[in-house]
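Just so it is clear: chains get the letters A, B, ... in the order the sequence lines come, proteins before strands, and each one is counted from 1.
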2 protein chains.
Amino acid sequence: MTRPTIKDVAERAGVSNATVSRVLNNNPHVDDNLRSRVMEAVSTLGYQPNRDARRLRAQSSNVIGLIISDIQNPYFISVIGGVEDAAYARQMNVILCNSNEDLSKQAMYLRVMEAERVAGLIIVPCHCNQADDILQLSKTGIPIILLDRVLVSGNMDAVLVDNVRGAQEAVTHLIELGHRRIALIGGPAYVQTGRDRNQGYRNALMAAGLPIDEHLIRSGDFKMESGYRLTSDLVTNGDPPDAIFVANNLMTLGTLRALRELRIRVPEDIALVGFDDMPWSGDLYSPLTAVSQPTYELGQEAVHLLLRRLADPEAPYRTMTLQTRLVVRESCGAQLRN
Amino acid sequence: MTRPTIKDVAERAGVSNATVSRVLNNNPHVDDNLRSRVMEAVSTLGYQPNRDARRLRAQSSNVIGLIISDIQNPYFISVIGGVEDAAYARQMNVILCNSNEDLSKQAMYLRVMEAERVAGLIIVPCHCNQADDILQLSKTGIPIILLDRVLVSGNMDAVLVDNVRGAQEAVTHLIELGHRRIALIGGPAYVQTGRDRNQGYRNALMAAGLPIDEHLIRSGDFKMESGYRLTSDLVTNGDPPDAIFVANNLMTLGTLRALRELRIRVPEDIALVGFDDMPWSGDLYSPLTAVSQPTYELGQEAVHLLLRRLADPEAPYRTMTLQTRLVVRESCGAQLRN
DNA sequence: ATCGGGGGAGAAATCGTTTTCTTCAAAATC
DNA sequence: GATTTTGAAGAAAACGATTTCTCCCCCGAT
């Protein structure tokens, strides 16, 4: 009924528990005869070491904390998968938390992570300025890897996506297809990815010698509703653009819904390109041209950075930047002109 | 640098560590004077109890294991959210694992759960027959809650959705709209939800006095590719149906893609209704009529069942069945006829 | 033949809590 | 006034592992 302990194994094998421990941890200085006796006792009893006791003694855990900012966003599912696979391949477990873009919830989970004495933490911070608690946790010695979003202050490992370049490529694509009045449904300024994508948009226009019309620029909060609202506003007030670049997936869904309700055809009336590809992007009302992010790899690389830091706490901080890829479908009208 | 222990707190407050422990656990038999001294020491040192030590001593953890069968499926995201919220509201943490519909991976995670001595386990089993390892883990005394899928043998708590009724309602809807030759892209027979939804399809036809044409019935594996393949096959061989009921969300996406590629219009040429609603179902190529499941509640109820069993291990096993809701959009042609 | 070195294995300390046991003093009972 | 009861608080045991310490034995070198 009750689970066997190392003592039970030792008793059954007729050795001390120190010897059992040595066998389990592959200590070479143990007699083959005893070793096999221990192994047998372990398997007949179905013994598994108590991880709490192990962690208590070792003062280190094999648990990785993962705090993401919005579990409702399909973008992060793939990230989670990458983290999980990489972690479990190294015998590490993952505790997943969802801050839901809420600073106070994030603060709570940071405390949980500290109390749990996680080996390391991978976090998508929900605010790039107000991150004192993250910096503070970092000071206590817990390795922290930033994922997807960088902080304005503080030196840390990070794995990011080249958002500026990705956005620029997307908007340049629109320009090359002949669109001139290109609107932006941008991300929030308090998140680095939002800023970067907005910057990419401006870069593309400037590189093409096109004017930047502030009337065509709106700023949302990465949620669907804001995409819907800003798009409705954009196309009904004044003269509408002939193309829209939307800075993330959920807002793009909002945009699509708004356009459909207003009976504006995509891409015939307005072309559309979004950031973040999704598995079903091609099955949407208008198959979506989108900037695809290497989400799974993002999660994996975060774990790799973490393991590297655990192995060498003094290593210089590294920021790893992965590249995006533009997936061309029909929503920009590419097919119409080619 | 190093984290403070209960000893440091005791020393600073000038009391024994037993007293500190008593204060922290709200033991009433402690002098108010000492109590406040301890509280102050705790807050100035920023002390947080070591959870490993606590768990080791208490022989119980506050960690809930959650094994889901496919993290890529948007269906489960909401389930995860429900579990998380309910768990954290009770100060419990969640370890998330993804079996990816793979029996050997599931077996591995079950071992992890046992070694972690989780307080309880919520699991979406990936096979309803081959579940010996789940039953075995259950025997060791760890409370297990089945989510979404029931096992053919073994008595356990479970929280399910009324799949038969949901499917029946969906197909009846098609019948009421005048459709007669209704095809089924069904789920796999080795999963209870697959079986139930297939049964609901048959029930609806029988109740309406319609013949069951085995030529119109295909069986997939709940993945997108099988929806795509089976649909292509269905509509190109012999005479196509005038409606299709698809047994889950990913296969529905496959069906939609196949129909679009074959230039078959939905709902004009073929009507479509799927199981599992998604946040963007209304934004698809054809806005999808779908059976919506209370996924978030499913996760929450699983936690509630678990807490109930932890409180009373001898309570009779309970199966909780939640109801679905048919969300009518355009893919069935309802709008066309009303 | 004696000493030094090293390997094998048990005894015991340790990790940070909680909880039982013990002690002591003050209050309550007769 | 002597004895039992109560309660506060420290000392110590316990949880289950790992690791250091210690001991013993055997082998090789002087």
Carboxylate-amine/guanidinium proximity below 4.0 Å for B:E101 and B:R149:
yes
Sequence neighbours excluded, the answer for salt bridge (Lys or Arg N to Asp or Glu O under 4.0 Å) partners of B:E116 is A:R51, A:R55
Atom CG of B:N62 and atom P of C:dT17 are separated, to the nearest Å, by 15 Å
Bend of the helix from C:dA1-D:dT30 to C:dC30-D:dG1 from end-axis comparison, five pairs per end, nearest 10°, comes to 60°
To the nearest angstrom, the CG-P distance between A:N50 and C:dT17 comes to 17 Å
Minimal heavy-atom distance between B:V159 and B:L298, with the atoms involved, is CG2-CD1, 3.7 Å
To the nearest angstrom, the CD-P distance between A:E11 and C:dG10 comes to 13 Å
Ordered by number, residues from residues 14-25 of chain A within less than 4.0 Å of DNA chain D (heavy atoms) are A:A18, A:S21, A:R22, A:N25
Lys/Arg N to Asp/Glu carboxylate O, B:E114 vs A:R3, below 4.0 Å: yes
note: A:D32, atom CG; C:dG7, atom P; distance rounded to Å ~ 15 Å
Atom CG of B:D8 and atom C1' of C:dC15 are separated, to the nearest Å, by 13 Å
Heavy-atom nearest nucleotide on DNA chain D taken for B:L34 and for B:L56; more 5' hit belongs to B:L34
Heavy-atom closest pair (B:C97 atom, A:Y88 atom, distance to 0.1 Å) is SG-OH, 3.0 Å
Sorted by chain and number, sequence neighbours left out, ring pair (Phe, Tyr, Trp, His ring centres under 6.0 Å) with B:Y47 holds for none
All heavy atoms of A:A158 vs all of A:L305, minimum pair found to be O-CD1, 3.5 Å
Throw together a table of side-chain donor-acceptor distances under 3.5 angstrom for residues 306-320 of chain A, partners on residues two or more places apart or in other chains.
from	atom 1	to	atom 2	distance (Å)
A:R308	NH2	A:P316	O	3.0
A:R309	NE	A:D157	OD2	2.3
A:R309	NH1	A:P313	O	2.9
A:R309	NH1	A:A315	O	3.2
A:R309	NH2	A:D157	OD1	3.4
A:R309	NH2	A:D157	OD2	3.3
A:R309	NH2	A:A315	O	2.9
A:R309	NH2	A:P316	O	3.3
A:D312	OD1	A:E314	N	3.1

Between NE2 of B:H29 and C1' of C:dT20 the distance, given in whole Å, is 14 Å
inquiry  = Pairing donors with acceptors under 3.5 angstrom, does anything connect the side chains of B:Y109 and B:N98?
reply    = no
Taking 4.0 angstrom as the limit, do B:K105 and A:D85 come out as a salt bridge?
yes
inquiry  = Does C:dG16 have OP1 or OP2 under 4.0 Å away from a side-chain N or O of A:Q59?
reply    = yes
Separation of C:dG16 atom P from A:E116 atom CD, nearest Å, is 16 Å
Counted 5' to 3', the first and last nucleotides of DNA chain D within 4.0 Å (strictly under) of a heavy-atom of chain B are D:dA8 to D:dG16
Correct closest heavy-atom pair for B:L146 and B:V150 would be CD1-CA, 4.2 Å
Can you find an N or O donor on one side and an acceptor on the other, under 3.5 Å apart, linking the side chain of B:R57 with the base of C:dT18?
yes
